[in-house]
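Here's the structure, in structure tokens; my notes come after.
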Amino acid sequence: MATITFIEHNGTPHTVDIPDGTSLMQGASSHNVPGIEADCGGAMTCATCRVCVPAEWMDKTGAVSDHEIQMLAFSGQGGENVRLSCQIVASPALDGLCVHIPESQE
């Protein structure tokens, strides 16, 4: 289990425990974390579950697939350290991770 903190654009934190093997998007959705829209339910077709991961955690979040890079580029909402939370899987290595949610997922 990993304890992950999602920080809304306005600075409001939401700390949730996410079981190992569960995506951050699923964990955020099941805890009603505002700002994680997840319109496609994790199918990597909408980019409405974006989070910004601190640089020092990027290696621990797993490899970014070509499809994820393309989805972020297509959405026009990519950027340095931006990931789709549906593609980050909770594990003990992520315990303590703090991610930031953009102001809008559009």
Side-chain angles (χ1 to χ4, degrees):
M1 176 125 3
T3 299
I4 308 293
T5 301
F6 295 85
I7 300 178
E8 291 183 61
H9 180 71
N10 66 11
T12 303
H14 300 272
T15 302
V16 299
D17 291 327
I18 302 176
D20 295 345
T22 303
S23 74
L24 269 58
M25 182 270 311
Q26 290 170 313
S29 294
S30 68
H31 287 89
N32 298 312
V33 173
I36 301 294
E37 303 299 327
D39 290 341
C40 72
M44 203 172 20
T45 61
C46 71
T48 61
C49 67
R50 293 183 326 279
V51 294
C52 185
V53 177
E56 63 270 17
W57 286 88
M58 284 297 289
D59 287 342
K60 295 179 182 180
T61 61
V64 182
S65 71
D66 288 340
H67 189 99
E68 182 178 358
I69 291 168
Q70 291 171 354
M71 187 68 236
L72 288 166
F74 177 75
S75 74
Q77 304 297 321
E80 193 166 332
N81 301 337
V82 174
R83 294 286 314 270
L84 298 177
S85 63
C86 66
Q87 298 303 299
I88 303 173
V89 178
S91 70
L94 295 183
D95 190 43
L97 172 63
C98 183
V99 296
H100 292 266
I101 302 169
E103 182 174 12
S104 171
Q105 292 284 6
E106 298 177 21

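Looking at T48, its side chain does come within 3.5 Å of a backbone N or O of D39 through a donor-acceptor pair. With hydrogens and angles ignored, the 3.5 Å screen pairs no side-chain donor or acceptor of Q87 with any backbone N or O of V64. A distance-only check finds no donor-acceptor pair linking the side chain of T3 to the backbone of G96 [under 3.5 Å].
For the atom pair CG of L72 and NE2 of H67, the computed distance is 10.0 Å after rounding to the nearest 0.5 Å. From H14, atom NE2 reaches atom CD1 of I101 across 6.5 Å, with rounding to the nearest 0.5 Å. One finds the OG1 atom of T61 at 9.0 Å from the CG atom of L24 (value rounded to the nearest 0.5 Å). Rounded to the nearest 0.5 Å, atoms OG (S75) and CD (Q70) are 12.0 Å apart. The distance from the NE2 atom of H31 to the CG atom of D17 is 6.5 Å, given to the nearest 0.5 Å. Annotation: the span from M1 atom CE to D95 atom CG amounts to 10.0 Å, rounded to 0.5 Å.
Across all their heavy atoms, P13 and T5 have their closest contact at CB-CG2, 4.0 Å. In this structure, C98 and I7 approach most closely via the heavy-atom pair SG-CD1, 3.1 Å. Minimum heavy-atom separation, C86 to G42: CB-CA, 3.7 Å. Taking both residues in full, the closest heavy atoms of T45 and C40 are given as OG1-CB, 3.1 Å, listed atom of the first, atom of the second, then distance. Shortest non-hydrogen contact noted between Q105 and A47 is OE1-O, 3.5 Å. W57 approaches A93 most closely through the heavy-atom pair CZ3-O, 3.4 Å.
Under the 4.5 Å side-chain criterion, counting only non-hydrogen atoms from C-beta, V53 is in contact with I88. Looking at heavy atoms from C-beta onward, I36 lies in side-chain contact with S85 at the 4.5 angstrom threshold. When side chains are defined from C-beta on, L84 counts as touching R50, because their heavy atoms get closer than 4.5 Å.
Using modelled atom types, one finds no donor on one side chain facing an acceptor on the other under 3.5 Å when comparing E68 with S65.
Two different hydrophobic clusters hold F74 and V51 under the rule that ILVMFWY side chains link at heavy-atom gaps under 4.5 Å. Residues V16 and L97 fall within the same hydrophobic cluster, defined by Ile, Leu, Val, Met, Phe, Trp and Tyr side chains chained together at heavy-atom separations under 4.5 Å. Hydrophobic clustering, with ILVMFWY side chains joined whenever heavy atoms are under 4.5 angstrom apart, groups V99 together with M58.
Within 6.0 Å of atom CG in D59, 12 or fewer heavy atoms from other residues, nucleotides or ligands are found, so the atom counts as exposed in its surroundings. A 6.0 Å sphere centred on CD of E103 holds no more than 12 heavy atoms belonging to other residues, nucleotides or ligands.
By the side chain to side chain contact (heavy atoms under 4.5 Å, CB included) test, N32 pairs with no residue at all, sequence neighbours left out.
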